[in-house]
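Everything below concerns the one structure shown next.
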2 protein chains.
Amino acid sequence: MDGVLVQSLDEIVTNNLDQDQLQQFNRIYYGRTDHGELKLKESTPSACKKLNIQIAAYSFDADKEVRPPKLIKIGLIQHAIVLPTNKPINEQREAIFEKVEKIIQIAGSEGVQILCLQETWYMPFFLCTREIKEWEDFAELAHDGPSFHFLSKLATKYNLVIVSPILEKDEAGVWWNTAVVIDADGKYLGKHRKNHLPSVGSFNETTYYSPGNTGHPVFATKFAKIAVNICYGRHHALNWLMFAINGAEVVFNPAATISKFGESFWGIEARSAAAANGYFTCSINRVGTEDFITKGDKKTVSRNYYGSSYITAPNGCRTPGLSKSLDGLLIAQVDLNLNRQVRDKTGYNLTSRLEMYAKELNDTLSKN
Amino acid sequence: MDGVLVQSLDEIVTNNLDQDQLQQFNRIYYGRTDHGELKLKESTPSACKKLNIQIAAYSFDADKEVRPPKLIKIGLIQHAIVLPTNKPINEQREAIFEKVEKIIQIAGSEGVQILCLQETWYMPFFLCTREIKEWEDFAELAHDGPSFHFLSKLATKYNLVIVSPILEKDEAGVWWNTAVVIDADGKYLGKHRKNHLPSVGSFNETTYYSPGNTGHPVFATKFAKIAVNICYGRHHALNWLMFAINGAEVVFNPAATISKFGESFWGIEARSAAAANGYFTCSINRVGTEDFITKGDKKTVSRNYYGSSYITAPNGCRTPGLSKSLDGLLIAQVDLNLNRQVRDKTGYNLTSRLEMYAKELNDTLSKN
């Protein structure tokens, strides 16, 4: 059963249910009967069509309250690589830069204020090859590499916070899987290194780098307090929790994940985390197929990504997913007041009993 | 939009998609293209029809391996109260006993080995009334109350482990929301008291009892190591995690939850927990409407439960939900070897970094 037979789960459902059934389905599956579609500028759909990218935009409102609304506009970009993976590294990167710049331009013109790209967004996800030397020129300094300089200009131009997941090579030459946060003035604001590294069958990221040593930082950007839970970290509930404890209002989950591993969890993990922690979560996955011919044994390794990027509000309502195969830009206008409103309603913070869990975890660890 | 308009989400989808579409939908939404339906005894469907209860049965297999399969059969019962809530308490309880006994008889004849009932299963969920005195005769000793003696006999008769969520009154007269575990020989094996108590709007269980003081026990029953995450505890990821750390193979989530609060999370929280922790989760919710007229202000309080009980395997595959409105028995034959197989594949245990989280939680708590 191949994941690319349909564009998305949403398409199957939307095309086959009548209006009443669809409302029932949406109420349970998405958390609200309609998706709160957001109006785009008149020129946007045709600009997207020209670039062959999907665009979708939704809003998540909060109740009116004493405080003014805290509206921000979030954007997520999912995209395929452009050139074959055996082309020179500079060319591969430049081709992706060129495509992504056009998508960021649309995001900027739509007034997006915080944008997140997919995991190691400017390169193929070559980690499945288990080769290092052939690819090392994709690794770069977090605050002074090609992708930082490229995005810093666009951040300034569009008054845009950008989360840029990269392959980092630090000053000592050590690699990390890192998300760089660039503030809306184009300045480097900080970085977070991936806390949990997959070790799944023969796919083992510890071949390349170590688990992150940056804890759970929350970045006070111009528009919101944000954090980044990189890819496989979404499987760890404590990773999500610590970002909440540290004050995140929006947590991004840039990923590179294939159907075989867990497409059926994709729609529930980040959504469960949003509801449990009372913040917005933003899930971004790659699209397209990436083929590699390994140098040593000349084996072909192929990985197909299923896109389906989506955004979840703290009340568990989520947007439909982007396409499973197309490049896309997903926009959501969100009122951050919703975080507090939901937390006050659910009482999860009030009832979290963290002291009990800290003690039980300490006891467990001291026994092993 | 009323939750009782349809029997279930599954019904809408199954009746409207063609075979290919349904397979795509199931693959993503349920985690597998078909539901692995389990054959029932020939007499069972008609027996269920006579009692007007829904029956559904599925299996979750594991790969063949060196060890023999560890097959167990789990049963969940969801049911409505029988008599109006203003009838004498003994009569209300006896009427529920009578109905549930017939369902347990079917479970027994189908070879169910571990059965779990819904939260405070032998009474209406009167906690919404905020009255105490009027209802106190529903509270009972964990190891020596009417429900224990009733179920102990059935456990012995059918060689059946039973998880019995009750309203406990301990020997000092203090109330607790408790799950009693009765082993297959009919003996009291132990109890777990609800760790997290909802405090949602005017619905506040702390009016009645305190957060549980029994930690995260795992019960080595005759057939499997089990734990109980009672109702609202499902919103707390650490609650699920500690049961995993303590060795649970199956975690039951007996609940009494209404549509308004979080029907859209119901299908994702326990499922996310199963995938994150590598064990089976079993979600049970009440059905039907319970009306109360409070003695003081003569206000009518009404609560409608949406059923939708379901079971999730450690790989995130789940069964369809039971009906939103009918009494029902859900059976699953599961191979517990799947827990270890999935954990070995996903590597979540290997990559959990509990030391880091214990330290970060300690640091957080010492700052507050």
Side-chain angles (χ1 to χ4, degrees), chain A residues 1 5-6 9 12-13 16-18 20-21 23-25 27-31 33 195-201 211 215-216 232 235-238 240-242 245 262-265 267-269 271-272 275-276 316-317 345-348 350-358 360-362 364-365, chain B residues 1 5-6 9 12-13 16-17 20-21 23-25 27-31 33 195-201 211 215-216 232 235-238 240-242 245 262-269 271-272 275-276 316-317 345-348 350-358 360-362 364-365:
Chain A
M1 178 78 40
L5 284 177
V6 290
L9 204 63
I12 298 179
V13 167
N16 289 284
L17 304 189
D18 70 29
D20 277 358
Q21 291 167 332
Q23 287 206 347
Q24 290 283 0
F25 182 87
R27 184 179 64 80
I28 298 174
Y29 185 68
Y30 293 108
T33 48
N195 273 329
H196 300 271
L197 306 186
S199 182
V200 179
H216 294 83
Y232 183 83
H235 308 303
H236 291 278
L238 279 161
W240 293 107
L241 176 68
M242 283 311 307
I245 288 174
E263 188 175 356
S264 67
F265 318 158
I268 63 171
E269 286 171 325
R271 200 178 154 207
S272 209
C317 296
K345 181 187 167 200
T346 60
Y348 300 159
L350 181 66
T351 59
S352 66
R353 304 188 72 182
L354 290 184
E355 292 78 3
M356 174 176 73
Y357 289 107
E360 289 189 27
L361 284 176
N362 289 339
T364 298
L365 294 167
Chain B
M1 179 77 39
L5 285 178
V6 289
L9 204 64
I12 298 179
V13 167
N16 290 284
L17 304 189
D20 276 359
Q21 291 166 332
Q23 288 207 345
Q24 289 283 359
F25 182 86
R27 184 179 64 81
I28 297 174
Y29 184 69
Y30 293 107
T33 49
N195 274 328
H196 300 272
L197 305 187
S199 182
V200 180
H216 294 83
Y232 183 83
H235 308 304
H236 291 277
L238 278 161
W240 293 107
L241 177 68
M242 282 311 307
I245 288 175
E263 189 175 356
S264 67
F265 318 157
W266 177 252
I268 64 172
E269 287 172 324
R271 202 178 152 209
S272 209
C317 296
K345 181 186 167 201
T346 61
Y348 300 160
L350 180 67
T351 59
S352 66
R353 302 188 74 181
L354 290 183
E355 292 79 2
M356 175 176 75
Y357 290 106
E360 289 189 27
L361 283 176
N362 289 338
T364 297
L365 293 168

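A, B, ... follow the sequence lines: proteins, then strands. Residue 1 opens every chain.
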Problem - Selection from B/T351, B/T364, B/L361 maximising heavy-atom pairs under 4.5 Å formed with chain A - result: B/T351

Completion exercise
Highest number of heavy-atom pairs under 4.5 Å with chain A among B/T346, B/I245, B/L350 belongs to B/T346

Fill in the blank from the handout: Nearest heavy-atom approach of A/H235 to B/A276 is O-CB, 3.9 Å

Problem - B/R353 side-chain N/O to A/N195 backbone N/O, donor-acceptor pair under 3.5 Å - result: yes

Practice task
Could you tell me which of B/G31, B/S352, B/G262, B/A237 has the largest number of non-hydrogen atom pairs under 4.5 Å with chain A?
Solution key: B/S352

Handout entry: Region of B/L365 that comes under 4.5 Å of a non-hydrogen atom in chain A
Key = side chain

Practice task
Could you tell me how the ring of B/H216 sits relative to the ring of A/Y357: parallel (under 30°), tilted (30 to 60°) or perpendicular (over 60°)?
Solution key: tilted

Problem - Side-chain heavy-atom pair B/Q21, A/N16 within 4.5 angstrom cut-off - result: yes

Exercise for the section: Classify the angle between the aromatic ring planes of B/Y348 and A/H236 as parallel (below 30°), tilted (30 to 60°) or perpendicular (above 60°). Expected result: perpendicular

Practice task
Using a cut-off of under 4.5 Å on heavy-atom pairs, state which of B/L241, B/V200, B/I268 scores highest against chain A.
Solution key: B/I268

Practice task
Could you tell me which portion of A/L197 (side chain, backbone, both or neither) has an atom closer than 4.5 angstrom to a non-hydrogen atom of chain B?
Solution key: backbone

Practice task
Taking all non-hydrogen atoms of both residues into account, name the closest pair between B/I12 and A/F25 and its distance.
Solution key: CD1-N, 4.3 Å

Exercise for the section: Below 4.5 Å from any heavy atom of chain B, which atoms of A/P198 appear? Answer side chain, backbone, both or neither. Expected result: neither

Completion exercise
What one should report as the nearest heavy-atom pair of B/F265 and A/G316 is CE2-CA, 3.7 Å

Handout entry: Residue pair A/S272 / B/R271, side-chain heavy-atom distance below 4.5 Å
Key = no

Handout entry: Top contributor to chain B contacts, counting heavy-atom pairs under 4.5 Å, from A/M242, A/E355, A/M356, A/K345
Key = A/M242

